[in-house]
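Heads up: numbering here begins at 1 and tracks the sequence. One-based numbering, in listed order, for ligands and for the atoms of each. Just so you know, these numbers come straight off a predicted model, no measurement behind them. Hydrogens, waters and symmetry mates are skipped; everything else that's a heavy atom, side chains included, is used.
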Amino acid sequence: MNAIPQAATLTPDDQAPVRSSRWTVAQVEALYQLPLMDLIFRAQQVHRENFDANEIQRSTLLSVKTGGCSEDCGYCSQAARYHTETEREALLPLDEVIAAAQAAKDKGASRFCMGAAWRGPKDKDLAKVSEMIRAVKGLGLQTCVTLGMLKDGQADELKEAGLDYYNHNLDTDASFYGQVITTHKHADRIDTLGQVREAGIKVCSGGIIGMGESRRNRAALIVQLANLNPPPESVPINNLVPIPGTPLADVAPIDSFEFVRTIAAARITMPESFVRLSAGRQAMAEELQALCFLAGANSIFYGDKLLTTGNPEADRDEALFEKLGLRPI
Ligand code: SAM
Ligand code: DTB
Ligand code: SF4
């Protein structure tokens, strides 16, 4: 079995100790190759060293600006260039956002995440999103937005508005990225994550599994996330939701155990991060979801819609949590 790096290093800036184990693709591939029972056991051990294994965090999503996006992400229903069922809509009015956030809070969500189908926000849009953040924060919810790539100064404006998390996924391995997206680069995503960190906002970054990538690509994505210094506080692992009309509409679904292995690899390499079992849950049996929780997932998207596609209804999730003895935090 490969040795797992455990070194705690000092950051050059403030000399504060930061856990920054450097992982290699070979090490993460070796994790993937473990017998499933050994891999899950190891992930569960890491999980229990860092979290209460019966607690789960819940974030509710709202698409505040849907469709019409300039980018060509091959999985996305919101790219203007693909003929999907998603129609272009204007930015939602503030009162609608507040009502949705209040409803999410009443249902028990702890974080409210607002998504916009932009390459990146224009300054006038950012001012409106900042108002939304202030209002949602005022309801006592943690705030998260996902708005695409940020320009200089925009992350500071979001921080000023009270933003807790910025979601910006690496999505896939740098070497596979160009097969899925050509209108921006993996390096652009890393750059935005740097701006978010620098502004003092927590990072939410993960990826999509099941886009036709190899196991090596999956291991490399996990390494690219885990080696961010520090790693993202929140790591969404999405299973591709195939969208008719997009280039990835007909990709063969990934084997469920390979998805579970990916969750376990994320848990082991990012021990202190919340790993979110994200898109794709609607197509998963309860038993598979439970296996993902056992492999170290401790967060979900909660509420009957993701951005444009469905998610299990809140009441069904409540019932599942009850059966599994999971406590929401
Ligand atoms: N436009 C912004 C961006 O790209 O960062 C924010 C919204 S974008 C829809 C947020 C994330 O949703 C993507 O990075 C991707 O990981 C995920 N996503 C989008 N469509 C998906 C799909 N069909 N299946 C799984 N995940 C998806
Ligand atoms: C993330 O990693 N997954 C969420 C959130 N961050 C923004 C989005 C999933 C979108 C699934 C497809 C859709 O509903 O359009
Ligand atoms: Fe646009 Fe984001 Fe969809 Fe890419 S993932 S097409 S950037 S909304």
Side-chain angles (χ1 to χ4, degrees), residues 59-82 84-89 91 111-122 125 129 143-150 165-172 177 180-186 188-193 196 203-213 221 225 232 234-251 253-254 259 262 266 273-284 297 299-312:
S59 294
T60 293
L61 273 172
L62 177 69
S63 181
V64 297
K65 163 68 188 81
T66 304
C69 184
S70 64
E71 301 305 281
D72 71 349
C73 310
Y75 48 78
C76 188
S77 64
Q78 307 198 69
R81 67 191 70 202
Y82 306 136
T84 70
E85 282 177 3
T86 300
E87 303 283 347
R88 181 190 199 117
E89 290 172 25
L91 190 62
R111 190 177 310 158
F112 193 67
C113 180
M114 296 166 269
W118 290 323
R119 173 180 166 87
K122 297 193 179 76
D125 293 327
V129 172
T143 53
C144 176
V145 295
T146 180
L147 313 172
M149 294 181 280
L150 296 179
Y165 291 83
Y166 194 84
N167 166 248
H168 198 61
N169 291 338
L170 292 187
D171 277 331
T172 194
Y177 204 80
V180 181
I181 300 152
T182 67
T183 47
H184 58 263
K185 297 196 161 41
H186 194 269
D188 298 326
R189 311 283 291 183
I190 302 263
D191 180 71
T192 289
L193 292 181
V196 169
V203 168
C204 173
S205 188
I208 309 179
I209 304 305
M211 299 197 290
E213 76 286 344
L221 167 68
L225 291 165
S234 169
V235 182
I237 304 292
N238 296 278
N239 198 350
L240 176 72
V241 179
I243 309 280
T246 62
L248 297 186
D250 298 319
V251 176
I254 193 162
F259 186 81
T262 305
S273 306
F274 279 84
V275 175
R276 183 171 309 122
L277 172 56
S278 301
R281 219 158 50 76
Q282 202 175 32
M284 291 180 194
S299 169
I300 58 164
F301 284 122
Y302 178 65
D304 58 4
K305 209 169 167 200
L306 293 167
L307 292 174
T308 66
T309 66
N311 196 44

Q: If the contact criterion is a heavy-atom separation under 4.0 Å, does S77 count as touching ligand 2?
A: yes
Q: Donor-acceptor pair, distance only, cut-off 3.5 Å: does the side chain of T84 make one with the backbone of S77?
A: yes
Q: Regarding atom 6 (S) of ligand 3: of the candidates G68, C73, S63, G148, which has the closest heavy atom?
A: C73
Q: Please give me the minimum heavy-atom distance between P244 and A249, naming the atom from each residue.
A: CA-CB, 4.0 Å
Q: Is the backbone of A279 close enough, under 3.5 Å, to the side chain of N238 for a donor and an acceptor to pair up by distance?
A: yes
Q: Who gets closest to atom 14 (O) of ligand 2 by heavy atom: N167, I208, N238, T308?
A: T308
Q: Near P236, which atoms of ligand 2 are under 4.0 Å from a heavy atom of that residue?
A: 2 (O)
Q: With a 4.0 Å cut-off, strictly under, does atom 2 (Fe) of ligand 3 pick up any protein heavy atom?
A: no
Q: In the protein, which heavy atom is nearest to atom 8 (S) of ligand 3, and how far is it?
A: A117 CA, 3.6 Å
Q: Side chains of L221 and E213, heavy atoms from C-beta outward: is any pair under 4.5 Å?
A: no
Q: Just to confirm my output: which protein heavy-atom neighbour is closest to atom 5 (S) of ligand 3, and how far is it?
A: Y75 OH, 3.5 Å
Q: Tell me whether R88 contacts the main-chain N or O of K65 through its side chain, where contact means a donor paired with an acceptor under 3.5 Å.
A: no
Q: Measure the distances from the heavy atoms of Y75 to every atom of ligand 2 and state whether one is below 4.0 angstrom.
A: no
Q: Does any donor atom in the side chain of Y75 or D171 lie under 3.5 Å from an acceptor atom in the other side chain?
A: yes
Q: Walk me through it: do R111 and T143 pass the test side-chain hydrogen bond (donor to acceptor under 3.5 Å, both in side chains)?
A: CA-CA 6 Å; R111 190 177 310 158; T143 53; over 6 Å; no
Q: In the protein, what heavy atom is nearest to atom 8 (C) of ligand 2, and what distance, to one decimal place, separates them?
A: L307 CD1, 3.8 Å
Q: Under a 4.0 angstrom heavy-atom cut-off, which atoms of ligand 3 come close to C69?
A: 1 (Fe), 6 (S), 7 (S), 8 (S)
Q: Among L62, L306, N169, which one puts a heavy atom closest to atom 2 (O) of ligand 2?
A: N169
Q: Tell me: protein heavy atom nearest atom 5 (C) of ligand 2, and distance?
A: F301 CZ, 3.6 Å
Q: Say whether, by atom type as modelled, one donor and one acceptor occur between the side chain of N167 and the main chain of V145 under 3.5 angstrom.
A: no
Q: Report, in ascending order of atom number, the atoms of ligand 2 lying under 4.0 Å from any heavy atom of T146.
A: 7 (C)
Q: Can you see whether T86 engages Q78 through a side-chain donor-acceptor pair at a distance of less than 3.5 angstrom?
A: no
Q: Just by distance, do the side chain of R189 and the backbone of S205 share a donor-acceptor pair under 3.5 Å?
A: no
Q: Please confirm if an N, O or S atom belonging to C76, backbone or side chain, lies less than 2.8 Å from atom 3 (Fe) of ligand 3.
A: yes
Q: Are R281 and F301 in a cation-pi contact, defined as NZ or CZ under 6.0 Å from the six-membered ring centre and within 45° of the axis?
A: no
Q: Can you produce the list of protein nitrogen or oxygen atoms under 3.5 Å from a nitrogen or oxygen of ligand 1, alongside each distance?
A:
| unit_1 | atom_1 | unit_2 | atom_2 | d |
| --- | --- | --- | --- | --- |
| ligand 1 | 1 (N) | A116 | O | 3.3 |
| ligand 1 | 1 (N) | W118 | O | 3.2 |
| ligand 1 | 5 (O) | R189 | NH2 | 3.0 |
| ligand 1 | 14 (O) | D171 | OD1 | 3.2 |
| ligand 1 | 14 (O) | D171 | OD2 | 3.0 |
| ligand 1 | 16 (O) | N169 | ND2 | 2.8 |
| ligand 1 | 16 (O) | D171 | OD1 | 2.6 |
| ligand 1 | 23 (N) | Y75 | O | 3.1 |
| ligand 1 | 23 (N) | V241 | O | 2.9 |
| ligand 1 | 24 (N) | V241 | N | 3.0 |

Q: Is there a donor-acceptor pair under 3.5 Å between the side chain of T146 and the backbone N or O of G115?
A: no
Q: Pick out which of I181, T246, V180 makes a side-chain contact (heavy atoms from CB on, under 4.5 Å) with D72.
A: I181
Q: Tell me, which protein residue and heavy-atom name are nearest atom 12 (C) of ligand 2, and how many Å apart are they?
A: T309 OG1, 3.6 Å
